[in-house]
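First the proteins, then the strands, lettered A, B, ... as listed; each starts at 1. Computed from a predicted structure; not experimentally measured.
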There are 2 protein chains.
Amino acid sequence: MPRPRSLTLDRLAAAALAVIDRDGLAALSMRTVAKELGMSPMGLYRYVSDREELEGLVVDRVLGSVDATPPTPDTPWRERIEIMVGRLRDAVAGHPEAVPLTLAHRHHAAAGLRWSETVLGILTEAGIDGRQRVVALRALHGYVTGAIQLEHLGPLAGEGTAVIAGLPEDRFPHLAETARTAGEVGPDQEFFGGLRLLLRGLDG
Amino acid sequence: MPRPRSLTLDRLAAAALAVIDRDGLAALSMRTVAKELGMSPMGLYRYVSDREELEGLVVDRVLGSVDATPPTPDTPWRERIEIMVGRLRDAVAGHPEAVPLTLAHRHHAAAGLRWSETVLGILTEAGIDGRQRVVALRALHGYVTGAIQLEHLGPLAGEGTAVIAGLPEDRFPHLAETARTAGEVGPDQEFFGGLRLLLRGLDG
DNA sequence: ACCTGAACACCGTTCAAGT
DNA sequence: ACCTGAACACCGTTCAAGT
């Protein structure tokens with residue numbers, strides 16, 4: 001006696017992300033997501049073969065919200081890449097608790113592929129191709145992955161800077177001075193400043 | 001009736017890392033580490049206040065093996081930074097299963113601070129200071145964090161490239177071509193190629 | 001003071017059973 | 001076919017007790 005499916009993968013992903021956003025990544029479990037949906041934990045296994053697949057759905061959902069349409073070609077190509085990177089950063093920033101899940105698995109997500117395709121298009125128009133284009137995409141991918149993660153390390157990161165501020169100046173002179181200067185640099189300057197270093201290193 | 005301590009933090013960290021190296025990060029638990037040491041799980045709480053602190057010890061241990069002494073100043077400064085980054089990459093590569101633990105928490109570890117101090121020294125000698133030095137260190141930190149993680153995504157990453165290779169060429173033309181070219185680029189070229197883009201973007 | 005064993009409140013997942 | 005409840009083998013951590 002077949003019953004109709006009570007769920008869609010989309011609703012499942014939304015429920016998991018709701019748990020993460022509300023109670024943190026540590027609260028994510030088959031059981032909490034099932035409760036969020038008002039069903040038994042085991043019911044989820046009709047839709048997803050294990051927890052990892054559920055996490056994949058969450059990543060797809062977060063990255064699916066990134067606009068992958070190419071920016072207007074009359075803006076300089078470096079700015080167009082900044083726009084693409086900024087969109088990714090903003091989407092991820094909307095779900096800070098999901099960051100550890102999101103970035104590392106970016107290239108599995110269909111949405112991540114569309115983003116890469118657009119960025120590669122911009123690089124190509126800038127005259128970058130062959131191996132250099134491979135290296136450039138990979139470098140952007142690496143920078144974006146790391147830089148966004150560092151931004152969202154959260155209270156731990158705050159702790160970190162406090163530690164640095166209290167370092168013995170004689171053994172860590174540069175670090176102590178850099179920590180003082182760091183206060184003048186906002187998160188956007190830091191993030192896009194680093195990105196621009198990378199872009200400046202590219203020909204074209 | 002006081003008993004002598006049976007453990008050192010060093011032995012504890014070594015045991016945890018042994019579990020990770022042998023059985024994977026997923027196998028790490030208070031219980032498995034206790035078993036590794038031949039004691040009760042609760043015994044560990046005399047040395048560490050919770051699991052997170054144990055993970056911190058592991059990070060310290062991995063990064064503690066990185067040589068932070070400045071390379072000889074007669075090599076060009078960009079090469080000296082490449083050397084420093086390479087040392088970090090090699091140390092982490094020795095414990096691939098610990099990668100997710102290691103990089104994000106790098107700035108908590110004393111060893112990470114010594115690394116940063118040396119890199120800042122090189123940047124300073126290259127004439128980079130003030131806010132630009134803050135941005136430069138942060139960019140290097142971000143790139144290294146992300147790029148090393150991507151390198152160690154492992155079988156998943158392999159899957160990823162297989163997926164890309166089978167993409168519909170009409171919808172992902174650049175990605176399909178880039179995937180073909182990617183085979184010609186080895187991991188070292190990829191990693192240091194990206195790093196050099198960043199370094200080229202720095203003045204000096 | 002150091003360490004242990006039992007216990008509590010959780011996990012992910014399997015399996016047999018209900019509709 | 002879809003979903004549930006009980007059960008299994010795990011977690012991290014608290015607490016009272018042993019030496």
Could you write out DNA chain D as a dot-bracket string, with dots for unpaired bases, | for bases paired across to another strand, and Watson-Crick or G-U pairs counted at under 3.5 Å? ||.|||||...|||||.||
Using the side-chain hydrogen bond (donor to acceptor under 3.5 Å, both in side chains) rule, collect all pairs that involve residues 81-98 of chain B, keeping only residues at least two apart or in two chains. B:Asp21-B:His95, B:Glu82-B:Arg196, B:Arg89-B:Glu151, B:Arg89-B:Asp188
I'd like to know if the side chain of B:Arg5 reaches the main chain of B:Arg46, judged simply by a donor and an acceptor atom lying under 3.5 Å from each other, with no hydrogens or angles considered. yes
Rounded to the nearest Å, what distance is computed from the CE atom of residue A:Met39 to the C1' atom of nucleotide D:dC2? 8 Å
Output yes when at least one side-chain N/O atom of B:Tyr47 is less than 4.0 Å from OP1 or OP2 of C:dC3, else no. yes
note: B:Lys35, atom NZ; D:dA9, atom C1'; distance rounded to Å ~ 12 Å
Can we say B:Glu36 and B:Arg22 salt-bridge, meaning some charged N sits less than 4.0 Å from an Asp/Glu carboxylate O? yes
Rounded off to whole Å, could you give me the CG-to-P distance for the A:Leu37 and D:dT4 pair? 10 Å
State which residues pass ring pair (Phe, Tyr, Trp, His ring centres under 6.0 Å) with B:His141; sequence neighbours excluded, sorted by chain then number. B:His107
Separation of B:Leu44 atom CG from C:dG5 atom P, in whole Å? 13 Å
Rounded to whole Å, CZ of A:Arg46 lies from C1' of D:dG5 at a distance of 15 Å
Below 4.0 angstrom from OP1 or OP2 of D:dC2, is there any side-chain N or O of A:Ser6? no
Going by distance alone, is a donor N or O of one side chain under 3.5 Å from an acceptor N or O of the other, for A:Glu53 and A:Ser49? yes
Short side-chain to backbone donor-acceptor contact, B:Thr178 and A:Val134, under 3.5 Å: no
Only pairs under 3.5 Å count here: list side-chain donor-acceptor contacts from residues 59-69 of chain A, not counting sequence neighbours, and write none if there are none.
from    : atom 1 : to      : atom 2 : distance (Å)
A:Arg61 : NH1    : A:Asp10 : OD2    : 3.4
A:Ser65 : OG     : A:Val62 : O      : 2.7
A:Asp67 : OD1    : A:Thr69 : N      : 3.0
A:Asp67 : OD1    : A:Thr69 : OG1    : 2.7
A:Asp67 : OD2    : A:Thr69 : OG1    : 3.3

Quick one, give me the B/S/- string for nucleotides 11-16 of chain C, reading 5' to 3', where B means a protein heavy atom under 4.0 Å from the base and S means that only happens at the primed atoms, P, OP1 or OP2. BBBB--
For B:Glu177, side chain to side chain contact (heavy atoms under 4.5 Å, CB included) partners two or more places apart: A:Arg133, B:Arg180
